[in-house]
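Note that these values count all heavy atoms, side chains included, but never hydrogens, waters or copies made by symmetry. No experiment lies behind these values; they were computed from the predicted model shown.
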Amino acid sequence: PLRRRREPVNALLRDGGDAETAKMQVSTGLLNGAPPLAFRLQRLAMPLFTKDNQFSRELPLYVCVVRPQIPEMSLDDYVDLDRRFRELTEEERANAHVLAIVYDREPLRGAGWQALLENKRVVMLAEAGSGKTSELRAQAEHLKADGRCAFFIPIEVLDKESVRGYLTTEPGEEERFDQWLKDQAAPGWFFLDAVDELKLTNGKLTLAMGKLAEALGAARDRTRIIVSCRPSDWRPVQDMATFQQKLPPPAPREATPKTDDDAFLAPFQREDAEENEAAGAPEAQVRCVVLEPLSKSQIERYAEAVGVDDPKALLAEIARREAWPFARRPLDLKRLVRTWNATGRLGSFREQHESDVDFSLRDDSERADAHVLSLEKARDGAARLALAMYMTKTRTIRALETTGSEESSSLDAVSVLTDWSNAEIKALLRRPIFDPATYGRIRFHHDSVQGYLAAQRLENLSAQGLSKRRLRR
């Protein structure tokens, strides 16, 4: 409630929604006797009326909207955005273009981590730059902070190392693992990150999962395992069969003989089961989910966490520039925030595309295929593929691991980049400018970026004297 004073009224509206009165030195912007707060001051005019409802004058009203001062975070720090997951639909499995559209719209509200962690076995599919590794690490840390037993393991290390051998490299992890094994009752969570990285180093999924199964022993049935991979590197039949064979989910409990009471309650229990299934309740089988792109509220939350002065202004600029497709992945969003913080603008549509191409094709020194491609060669290869897709009216590129008979409707990158090695083509298709469409198929992350690169390629060929007739041939 506001109290009338001789001086202007000052209202402090806190995050909790309560309102309280405080004195403010408006001229200096300091709060008397209050802790440091981030605030903005807005001067309003409150009309005053006489007893006969005639306008008299305006009373100045100063409203200060405040929030606690949050320590500024680095753009590379993890920000809890309450990420969401959903099952891949049958339509998306059959039509890669349907899945492509998903990443250009506001995502639906799917299941959260709390529901996902209740499942015994999970495969999490996520595109490059979506933040899957950061999410897995953070969930492992959250569970440990809650007194639970959780371990994060990059699955590629299990190609050369045992589970225990890897845990010895992390302080205190081997001791925690041994204590959990002795408990014989407590559940444990194992986050196996990046099957695609394992395959990049020619590792065997069967060997890696076999090592984990051996380390778990009798504790396997009380273990909850989450595996991450890019969809282009996950084989739905072979890899899922390996997962279920090496680390099978616990068998469902045998049903007890039904009584008269059970028969009476059956319709209600069936209704509850249907609701649980719709909410993503744990099942006996392996659950396969897709990590959803960022929503507008998650984008705003990230911007606020990393110290953007006015997150709503950033969102308004993204909307004005129609830059939502460039903000749906954490990797893309970091680039937008850097540009916004440095210039206070996001640039023209052409500038956005140019920045995205340059950023998405850069080499990653931490990957096993680092230094295989220069930025210039990667850009040339991406532009050649972009134009070839338009000329052949194809929407996806065939992954090199997929044979022609398995996926004949996608562009064969080898037939386009004839002067490239297979290692160079694989390195290009793993750059964040591309996304897995569905199993065995790859697409450009943004359709507009594909069009931009195709136009540039066409312009360069025209400048070199290539006729339209020869181009069509």
Side-chain angles (χ1 to χ4, degrees), residues 70 72-86 97-110 112-113 124-135 138 230-231 290-362 364 382 431-437 443-453:
I70 302 174
E72 187 171 338
M73 301 176 66
S74 164
L75 287 179
D76 295 323
D77 289 338
Y78 172 76
V79 180
D80 187 357
L81 299 176
D82 188 22
R83 299 298 296 272
R84 294 282 145 174
F85 308 87
R86 62 170 181 83
H97 188 61
V98 174
L99 186 59
I101 295 173
V102 168
Y103 291 95
D104 290 331
R105 60 146 174 83
E106 184 73 3
L108 300 175
R109 187 75 174 174
W113 269 112
M124 184 184 80
L125 302 178
E127 59 186 28
S130 61
K132 59 182 179 298
T133 298
S134 298
E135 286 295 322
R230 296 184 188 181
V290 176
L291 178 62
E292 284 273 60
L294 298 179
S295 65
K296 293 179 182 179
S297 61
Q298 289 171 329
I299 293 171
E300 182 177 359
R301 185 187 304 181
Y302 175 84
E304 182 176 358
V306 298
V308 173
D309 291 335
D310 192 346
K312 291 190 180 300
L314 172 60
L315 261 67
E317 178 72 358
I318 292 174
R320 187 175 75 88
R321 295 289 186 179
E322 298 181 345
W324 293 116
F326 297 103
R328 297 299 188 187
R329 295 185 301 181
L331 184 67
D332 294 333
L333 186 55
K334 288 178 184 178
R335 177 184 58 83
L336 282 185
V337 169
R338 286 192 179 100
T339 302
W340 175 260
N341 286 341
T343 65
R345 58 189 293 270
L346 297 182
S348 65
F349 209 50
R350 181 190 181 98
E351 290 172 333
Q352 290 177 40
H353 282 72
E354 190 63 34
S355 176
D356 184 82
V357 169
D358 183 70
F359 186 79
S360 300
L361 285 175
R362 288 190 179 278
D364 185 350
R431 298 289 168 90
I433 199 171
F434 296 102
D435 278 344
R443 65 175 178 86
F444 276 88
H445 179 65
H446 301 299
D447 288 342
S448 60
V449 169
Q450 178 189 342
Y452 177 72
L453 286 174

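Of the residues listed (L333, V449, L346), the one engaging F326 in a side-chain contact (heavy atoms from CB on, under 4.5 Å) is V449, and it is the only one.
When the salt bridge (charged side-chain N to carboxylate O under 4.0 Å, His left out) test is applied to E317, the partners found at least two apart in sequence or on another chain are R320, R321. The side chain to side chain donor-acceptor pair (under 3.5 Å) check on T133 picks up D193, with sequence neighbours excluded. In this view, D82 and R84, R109 satisfy the side chain to side chain donor-acceptor pair (under 3.5 Å) rule, not counting sequence neighbours. Remark: E322 pairs with no residue by the salt bridge (charged side-chain N to carboxylate O under 4.0 Å, His left out) rule, at least two apart or across chains. Annotation: side chain to side chain contact (heavy atoms under 4.5 Å, CB included) contacts of A303 (sequence neighbours excluded): V308, P311, L314. For W113, the ring-ring contact (aromatic ring centres under 6.0 Å, His included) partners at least two apart in sequence or on another chain are F85. With sequence neighbours excluded, no residue satisfies ring-ring contact (aromatic ring centres under 6.0 Å, His included) with F359. Remark: A319 engages W324 in a side chain to side chain contact (heavy atoms under 4.5 Å, CB included) (not counting sequence neighbours).
The CD atom of E304 sits 10.5 Å away from the CG atom of D310 when rounded to the nearest 0.5 Å.
Heavy-atom minimum distance, I318 versus A327: CD1-CB, 4.2 Å. For the pair P330 and L294, the tightest heavy-atom approach, listed with the atom from each and the gap, is N-CD1, 3.9 Å. The two residues A382 and F444 come nearest to each other via the heavy atoms O-CZ, 3.4 Å. Nearest heavy-atom pair, R345 versus S348, reported as atom, atom and distance to 0.1 Å: NH2-N, 4.0 Å.
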**Message:** Assess the residue pair Q352 and H446 against the criterion (side-chain contact (heavy atoms from CB on, under 4.5 Å)); give the C-alpha distance rounded to whole Å, side-chain angles, the decisive distance to 0.1 Å, and a yes or no.
**Reply:** CA-CA 12 Å; Q352 290 177 40; H446 301 299; over 6 Å; no
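A distance-only check finds a donor-acceptor pair linking the side chain of T339 to the backbone of R335 [under 3.5 Å]. For the pair R329 (side chain) and P293 (backbone), a donor-acceptor distance under 3.5 Å is absent. Looking only at distances, a side-chain donor or acceptor of R431 sits under 3.5 Å from a matching main-chain atom of L361.
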